[in-house]
Each structure stands twice: as C-alpha cells, then as structure tokens.
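So the structure is just underneath, and the comments pick up after that.
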Amino acid sequence: QVQLVESGGGLVQAGGSLRLSCAASGRTFSRYGMGWFRQAPGKERVFVAAISRSGGSTYYTDSVKGRFTISRDNAKNTVYLEMNSLKPEDTAVYYCAADYSPLVERARANQYEYDYWGQGTQVTVSS
C-alpha cells in the first residue's frame with residue numbers, strides 16, 4: 001500500500017512558475033513509476049508527465065513539453081513537477097499516481113494502469 005500526498009499548488013499569474021511535490025509513504029518508492037495527471041473543471045482527468053522508477057525515463061504530454069519537468073528523489077520518497085511559463089489553460093487539480101513496476105523501467109501515460117492516487121492539489125493560473 002502506498003499513500004500519496006501532493007502539495008505546492010496555488011494561484012499564480014500567467015508566465016509564472018510553481019513546483020508541485022508528491023510525498024509517498026512506505027519503503028518501496030523506488031519500485032514505482034510515477035505520474036502526474038490533471039483535471040480541469042468540467043473535463044476528464046488527463047495525463048501530464050511520468051517518470052520511471054529510477055528516473056531514467058520520462059514522458060510528457062505535448063502541451064507541457066519544454067515548460068514542465070518531472071523529477072524524483074527516491075531517498076526522499078518524493079516526485080516533483082516543476083511548472084514554468086504557466087498558462088491559464090494549465091488551471092486544474094493536479095494528481096500524482098504510482099504504478100507498481102519493480103522489474104521494468106516505464107513511464108506510463110494511461111491513468112488506468114496506475115495503482116495508487118493522491119488527493120490532488122489545485123493549480124490556478126490567472127491571465
């Protein structure tokens with residue numbers, strides 16, 4: 001069982017930056033690929049970025065490439081999402097998720113393949 005707690009959301013002006021964190025419980029964090037997803041008001045939850053269990057592989061949705069960076073610190077059981085050049089369309093609740101993958105390096109975009117989810121953190125970008 002893994003518990004995930006996101007933090008770092010807030011209100012920021014367009015062009016600004018935020019850094020989201022997702023802290024995981026337990027001793028097996030390095031066995032999980034991690035992902036960030038987001039859900040805008042009235043829309044479905046969609047993929048943002050993912051990172052493999054060692055951090056060696058990352059994957060981004062096209063709309064955030066060059067602006068967002070996913071990283072992880074396995075010693076701190078934490079995954080991060082650095083968000084720069086924020087746009088109003090980035091406004092959403094951001095969720096982190098864990099994909100149990102002890103034997104392979106993978107960074108998945110399919111939310112249905114993730115095993116555990118956090119409660120989300122709100123990011124609001126004003127124009």
Dump the intermediate steps for side chain to side chain contact (heavy atoms under 4.5 Å, CB included) on Tyr59 and Ile70, then the final yes or no. CA-CA 9 Å; Tyr59 184 46; Ile70 188 170; over 6 Å; no

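- Taken together through direct or relayed side-chain contacts under 4.5 Å among Ile, Leu, Val, Met, Phe, Trp and Tyr, Val123 and Tyr95 form parts of separate hydrophobic clusters.
- Residues Tyr80 and Asp73 come closest through the heavy atom pair CE1-CB, 4.1 Å.
- With no hydrogens or angles considered, no side-chain donor-acceptor pair links Ser21 and Glu6 at under 3.5 Å.
- Panel note: side chain Asn77, backbone Phe29; no donor-acceptor pair is recorded below 3.5 Å.
- Shown here for Val2 and Ala24, the closest heavy-atom pair between the two residues is CG1-CB, 4.1 Å.
- Between the side chain of Ser25 and the backbone N or O of Gln3 there is at least one donor-acceptor pair closer than 3.5 Å.
- When all heavy atoms are compared, the tightest approach of Tyr114 to Gly35 is CE2-N, 3.6 Å.
- Side-chain atoms of Ile51 and Val79, non-hydrogen and from C-beta on, do get closer than 4.5 Å to each other.
- Rounding to the nearest 0.5 Å places CD of Gln13 at 13.0 Å from OG1 of Thr124.
- A 6.0 Å sphere centred on NZ of Lys65 holds more than 12 heavy atoms belonging to other residues, nucleotides or ligands.
- Between the side chains of Tyr94 and Arg38, at least one donor N or O lies within less than 3.5 Å of an accepting N or O.
- A donor-acceptor pair is defined here as one N or O able to donate and one able to accept, closer than 3.5 Å; such a pair exists between the side chain of Ser101 and the backbone of Asp99.
- Remark: Arg108 fails to qualify as a cation-pi partner of Phe47 under the 6.0 Å distance and 45° angle criteria applied to the six-membered ring.
- When all heavy atoms are compared, the tightest approach of Arg72 to Ser52 is NH1-O, 2.9 Å.
- Between the CZ atom of Phe68 and the CG atom of Asn84 there is a distance of 8.5 Å, given to the nearest 0.5 Å.
- Atom CH2 in Trp36 sits 8.0 Å away from atom CE in Met83 (nearest 0.5 Å).
- Considering all non-hydrogen atoms of both residues, Pro88 and Ala14 come closest at CD-CB, 4.1 Å.
- Across Leu20 and Thr121, no two heavy atoms sit closer than the pair CD2-CG2, 4.0 Å.
- Using a 4.0 Å cut-off between charged nitrogen and carboxylate oxygen, Asp90 and Arg67 count as a salt-bridge pair.
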side-chain hydrogen bond (donor to acceptor under 3.5 Å, both in side chains) evaluation trace for Glu82 with Ser17: CA-CA 8 Å; Glu82 184 75 34; Ser17 299; 5.3 Å; no

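- Relative orientation of the Phe37 and Trp117 rings is tilted, given thresholds of 30° and 60° on the angle between their planes.
- Residue Glu89 places its CD atom among more than 12 non-hydrogen atoms of other residues, nucleotides or ligands, all under 6.0 Å distant.
- Following chains of ILVMFWY side-chain contacts shorter than 4.5 Å, one can reach Val125 starting from Val48, so the two form part of one hydrophobic cluster.
- Under a 3.5 Å cut-off, the side chain of Gln111 and the backbone N or O of Arg45 do form a donor-acceptor pair.
- Distance check: Arg31 CZ to Asn74 CG gives 12.0 Å after rounding to the nearest 0.5 Å.
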